[in-house]
Amino acid sequence: MGDARRDKTGLLQGTLDLLVLRTLATGPRHGLGIARRIEEITRGTFAVTPGSLFPALRRLEDDGFVRGEWGESETRRRARYYELTKAGRRQLEAEKKLWQRVAVAVARVLESA
Amino acid sequence: MARLDRIRSALRHLRRGREADRELDAELQAYVELRADENVAAGASPEEARRRALAEMGGLEPVKEAVREARAGGWLADLGRDVARAGRSLRRTPGLLAVVVLTLGLGVGANTAIFGAASATLLEPLPYAAPDRLFFVWSDLEQAGYIRGPLSGPELGDFRDESTTVSDFASTWTTTGQLTGDGDPEQIKLGLVTANFFATLGVAPLLGRDFGPEDEGSEAAVMILGWPLWQRRFGGDPGVVGRTVRTDRGSAVVVGVMPQGFVPLFARDANIPADLQAWMPFDDKLRALPRGLYFLRTIARARPGVGHDAVRHDIEAISRRVVARHTEYAGSGRRFYAVPLQDDVTREVRPALVALSAGAVLLLLVAAVNVANVLLAQALGRRKETAVRVSLGASRRHLLRECLAQGLLLAGLGAAAGIATGAVGIEALVALRPAGLVRLDAVRLDIPVLAFALAVSLAAGLLASLAPLREILRADLRALLAMGGRGASHLGGRTRAALVVAQVGLGVVLLVGAGLLARTFVNAAEVRPGYRPESVLTFRLSLPRVRYASAATVTAFARDLERRLAALPGVEAVGAVSHVPLDGLPNWSTPYVYEAIAGEPRGSHEADARAVSPGYLSAVGAEIVEGRGFFESDDEHSRPVVVVDERLASKAWPGRSAVGQSLNVEFMKDGDFVPTAATVVGVVRHLRHRSLTEEVREQVYVPYRQSIRDPMAYVVRSRADPAALAAAVRAEVAALDNALPVYDVRPLEEYLSAALDPRRFVMLLGAVFAAVALLVAGIGTYGVVACSVTQREHEFGVRRALGARTRDVLGLVFREGLALAAAGLAVGLVGAAVTAPALRGLLFGVAAADPLTYGAVAAAEIVAALVACWLPARRAAKREPLDALRVV
């Protein structure tokens with residue numbers, strides 16, 4: 001499994017997972033909702049396609065970080081809603097810290113170069 | 001923790017793979033609808049909204065694929081899909097599928113059948129209680145000509161008294177008896193046993209009781225019936241227990257019936273036939289018999305918890321004490337030893353089965369290499385496709401998985417074909433079974449055999465499917481395109497050539513082995529046995545003692561019958577003998593003493609003994625080299641005479657005439673063995689009546705009338721087909737005594753043929769393996785040459801255009817094929833030279849390094865290669881120069 005670190009969005013895999021977790025921190029959402037929310041907060045920098053979103057969701061679900069349940073959308077459609085689990089919350093905190101450390105470090109490298 | 005979760009979820013997915021798929025479908029459907037709603041909200045028509053939503057995603061399938069790849073355990077589900085895909089792709093190439101299934105099927109089938117046979121005969125424990133505690137006790141009488149001899153009564157007594165490791169010693173001896181009374185009289189093979197024989201084996205009678213100590217050496221005769229005799233003669237009547245049956249030895253009370261399937265299983269040279277029909281206890285007090293009367297086939301049951309070595313050492317220690325204690329053994333080199341019964345029983349068949357197993361493994365290797373070769377060719381053919389797929393993003397892992405899937409599929413198909421072939425093979429093995437391989441009847445396609453077939457197929461299929469792996473992993477579109485789609489084949493071509501060389505080499509090893517076995521068979525079949533078995537009919541009689549009590553009545557009957565038979569039309573000679581050659585009945589032997597060894601203890605020299613009527617030697621076709629045979633006048637009133645074989649004559653009187661010399665041997669007088677000084681009246685060429693391929697030991701012939709002993713067999717030499725005489729013979733016997741059963745009426749040649757059965761069996765199997773290997777290797781050679789011709793069509797066209805003649809093109813193709821064959825032949829001949837000596841124990845009259853066999857194999861291999869090249873060569877030669885150029 002060593003090679004597929006970078007997926008089709010051009011995001012690092014871990015990054016998309018982090019974004020998904022962060023998005024769900026404010027409440028349950030369905031797949032399209034998650035994609036839209038990420039576009040919103042990143043102001044369109046990341047367009048999350050289903051081809052990367054659903055694998056990420058399944059991975060997170062398999063790892064026990066999110067839990068999926070069928071529900072009804074605002075437009076009265078059946079949709080699968082995802083919410084963070086306790087483990088997911090802990091994971092989000094851990095990844096946030098890691099990301100901040102990495103971001104600071106990268107920024108320093110870029111500035112000093 | 002996370003890993004545990006992943007494993008758990010992997011298992012969950014495996015279990016609920018299909019459910020998860022459905023759920024994903026629903027979710028993606030929902031996604032598309034939500035997205036379409038957005039589009040509608042933005043003003044699109046519902047149809048357009050949906051279409052755009054789907055288009056954005058690029059279709060549902062790629063998303064599903066991506067999800068599956070992301071999931072733990074998904075790869076196994078994918079493997080299933082790949083297997084299905086491989087199945088579809090194989091179905092599109094039926095030729096390849098056929099070759100693969102056929103070769104794997106043959107290879108796996110041969111192994112399945114042989115493994116079944118080997119496990120049923122060698123590995124399966126004997127059907128006795130705690131069989132690992134059973135031993136056979138042999139007496140080494142090497143000086144007297146045999147190292148696996150029986151024991152005498154007093155010797156059995158010594159072991160019973162002195163052993164600390166063995167709880168029971170039991171003995172048996174085989175004779176023939178006659179059942180008279182209710183129904184037709186019939187001859188049966190009767191086992192005489194010590195009372196504890198069945199208890200020592202740990203087998204209880206089905207009905208009635210076992211023999212008890214009071215039954216042995218007693219006047220009141222009792223009998224236990226074998227299941228088949230009970231069914232046949234007594235209709236399976238449970239009331240038979242307690243009934244009195246009449247035999248030629250007097251009447252006996254049936255006390256028990258052995259269970260169905262009880263078969264005495266012993267080494268062939270123990271002379272305990274598997275088809276014994278009834279048992280009676282010894283009526284002698286065994287301890288009171290002479291110490292030099294060896295006839296007891298003896299088994300021992302070790303006490304629980306005693307190791308094999310302890311038993312062996314115990315027996316050897318007793319052996320030394322007993323031999324030292326009795327003067328009879330002085331200077332005889334006598335020794336007793338114990339062999340675990342399982343080893344003893346399988347001793348004779350083991351070398352053949354081991355050789356056949358090795359042959360089957362070689363065949364499987366040839367088959368696997370062939371499959372590898374075919375798959376490699378397929379991979380080479382698909383190289384472009386693979387390269388395109390790699391450049392379009394197919395991962396190496398994915399390609400590897402496909403490879404694995406194909407291997408699994410082939411393994412499955414191979415297993416199915418192999419099990420089917422194996423089932424047929426097992427039937428054939430049982431049908432061809434030589435008499436000595438009794439336990440082969442028990443071969444079944446049971447769980448271990450099926451598991452073996454599956455494991456073998458899996459190994460072969462996976463190994464073979466790994467062959468094209470290198471080709472697949474190095475698939476590189478740019479390099480391929482740069483070479484114009486041609487050049488890269490040389491690498492794969494070289495691998496394929498190496499595979500063919502390996503295949504031919506393995507096949508050659510098999511061919512050499514089969515060739516040596518075939519020569520062995522021919523040599524054994526052409527042995528001059530010392531008699532002429534053609535046109536001789538044999539049958540047996542046994543005169544009931546009740547009616548033929550005196551020597552005079554027996555003698556008169558024999559004389560009358562001989563006269564009547566000799567008078568039949570077409571009959572040339574008639575004789576009576578105690579044993580028909582190669583009938584496998586317990587051998588008779590006698591100690592012998594001549595002047596030069598008069599000082600040595602009795603029993604230190606033993607010869608096979610046969611009692612014969614005056615007509616026997618000429619009827620069987622024995623060759624008298626000196627002196628005469630027996631005359632009518634050599635009867636109970638004249639001086640004792642003997643005829644000896646050349647071996648004995650040259651041993652006893654080297655450089656001198658044996659005729660007129662005195663030889664002391666045992667004569668049977670009124671039921672007792674009496675050492676008698678007899679005059680040698682003739683010398684015959686050795687008669688191979690115990691083994692076709694060995695001169696077992698010296699032989700002594702005594703006149704029937706001077707040494708009367710049951711039973712009697714007759715040999716009738718005729719000018720016509722001996723089988724046609726059967727009815728006339730029965731009529732003549734009935735005319736003398738219509739209550740006498742006549743049995744085993746069969747041509748002498750049948751006994752010889754049966755004696756050749758084990759060798760025929762091994763030879764046939766070896767030949768089948770070798771033929772299949774030759775065929776498969778031929779197909780392999782054909783495949784490589786044909787493929788190379790296809791690839792070189794362009795080259796051939798150019799050559800033709802530049803003036804090469806048909807002959808030149810043919811030469812090019814044949815040269816390639818022959819080079820492969822020659823390389824394979826070289827490898828194979830070296831391999832055969834190294835491995836063939838392992839067959840030595842199975843060979844007769846042929847050296848393991850027999851140049852004729854090796855030469856014939858080389859010739860066969862070259863012919864096979866020429867045949868394999870023929871079609872591709874013709875295709876190459878037929879190409880018109882321009883055709884070939886146009887193909888490009």
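The chains referred to below are lettered A, B, ... by the order of the sequence lines, with proteins before strands, and numbering in each begins at 1.
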| remark: Closest non-hydrogen contact found for A:Ser73 with B:Leu34 is OG-CD2, 3.6 Å
| query | Is chain A contacted by the side chain of B:Glu38, its backbone, both, or neither, given a heavy-atom distance below 4.5 Å? | reply | side chain
| So do the side chains of A:Arg36 and B:Arg35 get within less than 4.5 Å of each other, counting heavy atoms only? | yes
| said: Within the structure provided, determine whether B:Glu27 and A:Trp70 are in side-chain contact (heavy-atom separation under 4.5 Å). | reply: yes
| request: Considering non-hydrogen atoms only, spot the tightest contact between A:Ala79 and B:Ala30 and give its length. | output: CA-CB, 4.2 Å
| field | Portion of A:Arg78 that has a non-hydrogen atom of chain B nearer than 4.5 angstrom | value | backbone
| request: Would you give the length of the straight line joining atom NE2 of A:His30 to atom OH of B:Tyr31, rounded to the nearest 0.5 angstrom? | output: 10.0 Å
| Tell me, side chain or backbone of B:Ala41 under 4.5 Å from chain A's heavy atoms, or both, or neither? | neither
